[in-house]
Amino acid sequence: MNIMDKKNLPIAFFDSGVGGISVLREAVKLLAPEDFLFFGDSANAPYGTRPREEILRLTLAHAARFYQRGIKALVIACNTATSAAINELRRIYTDIPVIGIEPALKPAALMSLHPTVLVMATPGTVNGNKFHDLLGHYTDRADVIPLGCPGLMEFVENGDTDGPEVTAYLTALLTPYLRQNPIDAIVLGCTHYPFVAPVIRRIAGDAVKIFDGGEGTARELKRRLEQESLLRDSAHHGSVTFENSLPEKIALCKKLLTAGPDA
Ligand code: DGL
């Protein structure tokens, strides 16, 4: 395929569900002329409590389908799937940029002198080797507390981003940590969590800085497309197409894309 034809292909985004839209919305802001295809595997969610082999199998199967349809880049907008599958994906798809996401620990750990950083993520992410490697880079720069949050992504999947149940869940989860230590930063290490960031902000208070990897991932996508001369002409009006293994989630996807700002 020549480069002009390749430029016109969509950029595929993948998540276990609707959470990756927190990354997609950053990419849409940065890359308005591009066509985006977002697939969420809500029928198989959550991924974060599955064994690594299953997450790998599901992610590879969805990536293969995307690739056969024709895409110019693949964004794994899921920390859990990135942790389980990014190495294999990069080995298989060598002719397109394959971008993953990991908890934004770096900016949080470097924000001040030895801060205390709470990293919220799925059990799959906090127990994975990739996270342990990441942690190893920052243990002498910050006190890092990894916090697996089983059950949290389900609120977002059900469209509950601000109701009494999710507020009660987050209050019960976070209060013991906030009482025990002066927490300087919270890293949202799952792409579903930015949608509940305003609730986390209310519980944690204004002094705590909240980090997520969405914007950095979108910037990395732009950088890679530029590097490969794959950016579309600025005159093109970009589009976003949603697909989901549970088609009834599409209305929620559209709503989340235009959801208000984070905390
Ligand atoms: N959105 C995903 C992430 O970033 C995980 C949610 C799940 O458990 O499926 O980790």
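Atoms within each ligand, like the ligands themselves, are counted from 1 in listed order.
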Salt bridge check, Lys222 against Glu228: does any charged N sit closer than 4.0 Å to a carboxylate O? no
Nearest heavy-atom pair of Arg202 and Thr167: which atoms, and what distance? NH2-OG1, 4.4 Å
Taking only heavy atoms of the protein into account, state which residues are under 4.0 angstrom from an atom of ligand 1, in chain and number order. Asp15, Ser16, Pro46, Tyr47, Gly48, Cys78, Asn79, Thr80, Thr122, Met153, Cys190, Thr191, His192
Steps toward salt bridge (charged side-chain N to carboxylate O under 4.0 Å, His left out) verdict (Glu220, Arg223): CA-CA 5 Å; Glu220 173 64 5; Arg223 192 188 69 77; 3.0 Å; yes
Is the gap between the ring centers of Phe13 and Phe39 under 6.0 Å? no
Looking at Leu256, Leu252, Ile250, Leu257, which hits side chain to side chain contact (heavy atoms under 4.5 Å, CB included) with Lys254? Ile250
Determine, step by step, whether Lys72 and Glu34 satisfy the salt bridge (charged side-chain N to carboxylate O under 4.0 Å, His left out) criterion, reporting the C-alpha distance in whole Å, the side-chain angles of both residues, the deciding distance to 0.1 Å, and the verdict. CA-CA 11 Å; Lys72 67 175 174 183; Glu34 301 295 336; 2.5 Å; yes
